[in-house]
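Shown next, in structure tokens, is the structure this report addresses.
It should be emphasised that the depicted structure is a prediction, and the values quoted were computed from it without experimental measurement.
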Amino acid sequence: MIWIGAIFIGLVISILDIILFTKTKRFKTYLTVFVRDTLTVILTGCFVMKNVFGAYDIFNGSEHLVSYTWKFLGLILGVGVIFLIIVGFTKRIFKIEFCEPKSKGKSLVLKIVSVLLFALGVAAFTGTLWGKDAFGDLAPDQILINLNSPTEGTDVGVYISLFEGPVLTTAFLTVIFSIIVFTNYKVTYEKDEKYVTFIPYLATRIIATILAVSMFIGGCAFGIDKFQLFTLFNAYLVDSSYIEDNYVDPNQANITFPEQKRNLIHIYLESMENTFFSKEFGGYFDENLMPDLAELSKEGISFSHNSTGYGGPIPTTGSGWSAAAMVNMSTGLPMKVPVDGNAYGSQDNFLPGAIAIGDLLAEQGYLQTVMFGADAAFAGLNYFYESHGDFQILDHKGVIAQGWLPEYYNVYWGYEDDKLYEFAKMELTRLSGSNKPFHFVMETADTHAPTGYLSYKAEKKFDTQYANCIYYSQQEAVKFVRWIQEQPFYENTTIVIIGDHLSMADSFVENIKDYQRTMYNLFLNVPEELANIPEEYKFNRDWAPFDMFPSILASIGVQFDGNKLGIGTNMFSGEQTLVERDGRWTVNKELENRSPFYNNNILVKRKKKED
């Protein structure tokens, strides 16, 4: 059907070409026009569909949805119309004649407004496409929070792709549009050996204005739809008591640490999800991208949404990016849109009312360090870790200050994961040499969207860079864990490994269908009383990143009333999580809404606990 339709459109274009522009009345000429026009519009349409829109298997309509056929035929028709216009100008049937507007002042204002609307519309379209490609499914709360957070330490490649993509495209199209708009002209058509006005100057102004307004409205609507910006209405105007109703204040939970305090190592693996396992391990792929993690997982406890195989949590509202994941897992709370002047990027102003793992362990005399390959100032994480446990921060700037890297060293987000693991071993050796328990947090970066950073040491087993990044990253993570297990301090150390969020590499995961994507998780070397929990505690679970807060504390032997902290549930207890009790849709919807309790007690400094 798709090719019958394409040939039919070619026939229509040919007939119009003959009627409008072909003066020779011979069958051979008609046949030549038909073949030329049909081949031109079809081949051009195929080229655009393949190389501009990235369609695959373009010659086989049966491999696509019905909508693909209509899009393809619509593209062929559009190409045909443009082809006819070009033919008209080439044969001088159409001509452009310059003319002066009657009212230059009003005309100039209209032109400037049209160009501005057009530019904003194109920027909205291209910016949305770039954002979806570079960062995946950005949640609306993430967009607003990021706008209120520092952007220091962002990978320079992000800025380059921003300039080369939406900025350059918007500038180019706006310049072209401006040339057309600011040039006073009319289009004439040859009739009876005379040229008559076909498109008057007023019509070109009206067309330009309509195009500009349409581009602006279309671009804004496209961005609003793709990023679900209407949900921000709830964040500001729809109140919910859900967090308050379910919040368990750590100050009131009778928290008790074991006499011999356990060390805690918490490893965030950037974008690492169970999807990357092979099908035999509960993943999506035929070939296992994480074989080393699959073997390591047999040695510990993973909480799975499956009855068998590896699974994990699904990000909930306010948890789907790195900074938010850390907030959820450290405080048992979502990261919500800041209000009333509160933000996440200034001293003592990053959730000052929250009680985090770092706060609790600091009170118990733990030494605490956090390591990033990037700059911790990105998203204000330096403020979070400094104000919630007084962590030593060994980020990009931190390791340079230590003299571990040259002053101007900068790879990917700062320094690559190969270096991160080297420095982590050095820091763990230092921490373990004290007589105090320690809490060590680190986050990898080389599997960050859109394509990751591939070490020169990595084996290239797969066709895509991102797949090779995943394979190498999990391989190095397990090597690092094996090193830890060989150290004297491991006997009294719990290791928590988790993917910080689902991958945002859209081009890599866009074709994954009918599969529930979840974050990888593993607890290694937990206290003996937790090592043999019933199977039903581990499988067929539905949980959220904020449930990690009480679960991590439990994994180092900490006890507390009710097995709940923040809005999270201790997974080792088998208690129902909020997601299991209320359903994921309800939890996400309630967390989208404005929380007066969160605004008045978490986003502002808490009153000190009375003795």
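No donor-acceptor pair closer than 3.5 Å links the side chain of Asn570 to the backbone N or O of Lys564. Checked by atom type and distance alone, the side chain of His439 never pairs as donor or acceptor with a backbone atom of Ala362 at under 3.5 Å. The backbone N or O of Val327 sits nowhere less than 3.5 Å from a side-chain atom of Ser330 that would complete a donor-acceptor pair. The backbone N or O of Ser271 sits nowhere less than 3.5 Å from a side-chain atom of Ser503 that would complete a donor-acceptor pair. The main-chain N or O of Met571 is never found under 3.5 Å from a side-chain atom of Thr569 such that the two would form a donor-acceptor pair. Between the side chain of Thr444 and the main chain of Glu270, a donor-acceptor pair closer than 3.5 Å is present. Within the 3.5 Å criterion, the main-chain N or O of Met290 finds no donor-acceptor partner in the side chain of Tyr471. In this structure, Asn263 contributes its side chain and Pro437 its backbone to no donor-acceptor pair below 3.5 Å. In terms of modelled atom types and a separation under 3.5 Å, the side chain of Ser302 and the main chain of Asn521 share a donor-acceptor contact. A distance-only check finds no donor-acceptor pair linking the side chain of Asn600 to the backbone of Phe597 [under 3.5 Å].
Interatomic distance, Asn588 CG to Asn593 CG, rounded to the nearest 0.5 Å: 11.0 Å. Note that CE of Met329 and CZ of Phe546 are 11.5 Å apart. Values are rounded to the nearest 0.5 Å. We find the CG-CG distance between Asp417 and Asp446 to be 3.5 Å, quoted to the nearest 0.5 Å. To the nearest 0.5 angstrom, Thr369 atom OG1 is 4.5 Å from Gln392 atom CD.
When all heavy atoms of Tyr412 and His448 are compared, the closest pair comes out as OH-O, 3.3 Å. When all heavy atoms of Ser387 and Asp359 are compared, the closest pair comes out as O-OD1, 3.7 Å.
Side-chain atoms of His396 and Asp375 include no donor-acceptor pair closer than 3.5 Å. A donor-acceptor contact closer than 3.5 angstrom is absent between the side chains of Thr494 and Asn525. A side-chain donor from one of Glu273 and Thr275 sits under 3.5 Å from a side-chain acceptor of the other. Side-chain atoms of Asp547 and Ser551 form no donor-acceptor pair, as typed in the model, at a separation below 3.5 Å. In this model, no donor atom of one side chain and acceptor atom of the other lie less than 3.5 Å apart for Glu287 and Ser278.
When side chains are defined from C-beta on, Phe549 does not count as touching Thr331, because their heavy atoms never get closer than 4.5 Å.
Ring geometry, Phe257 versus Tyr366: the interplanar angle falls from 30° to 60°, so the pair is classed tilted. Relative orientation of the Trp483 and Phe480 rings is parallel, given thresholds of 30° and 60° on the angle between their planes.
The environment of Gln559 atom CD is sparse: at most 12 non-hydrogen atoms of other residues, nucleotides or ligands sit within 6.0 angstrom.
Salt-bridge check for Arg482 with Glu299: passed, with a basic side-chain N closer than 4.0 Å to an acidic carboxylate O. Ionic pairing of Glu580 and Arg541 is present here: one or more N-O contacts between side-chain nitrogen and carboxylate oxygen are shorter than 4.0 angstrom. A salt bridge links Lys419 and Glu416; the closest N-O separation between the charged side-chain nitrogens and carboxylate oxygens is under 4.0 Å.
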Test side-chain contact (heavy atoms from CB on, under 4.5 Å) on Met326 and Tyr385 and set out the steps. CA-CA 10 Å; Met326 292 180 179; Tyr385 282 103; 3.4 Å; yes

Audit row: Ser319, Met335, side-chain contact (heavy atoms from CB on, under 4.5 Å) steps and yes/no:
CA-CA 6 Å; Ser319 72; Met335 195 170 178; over 6 Å; no

Test side-chain contact (heavy atoms from CB on, under 4.5 Å) on Thr518 and Gln516 and set out the steps.
CA-CA 6 Å; Thr518 56; Gln516 181 58 69; 4.1 Å; yes

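Geometrically, Lys279 engages Tyr284 in a cation-pi contact, judged by NZ or CZ lying under 6.0 Å from the ring centre and within 45° of the ring axis.
Ring centers of Phe523 and Phe572: under 6.0 Å apart, within the cut-off.
Residues passing the ring-ring contact (aromatic ring centres under 6.0 Å, His included) test with Tyr268 are His266, sequence neighbours excluded. For Phe489, the ring-ring contact (aromatic ring centres under 6.0 Å, His included) criterion is met by Phe438, not counting sequence neighbours.
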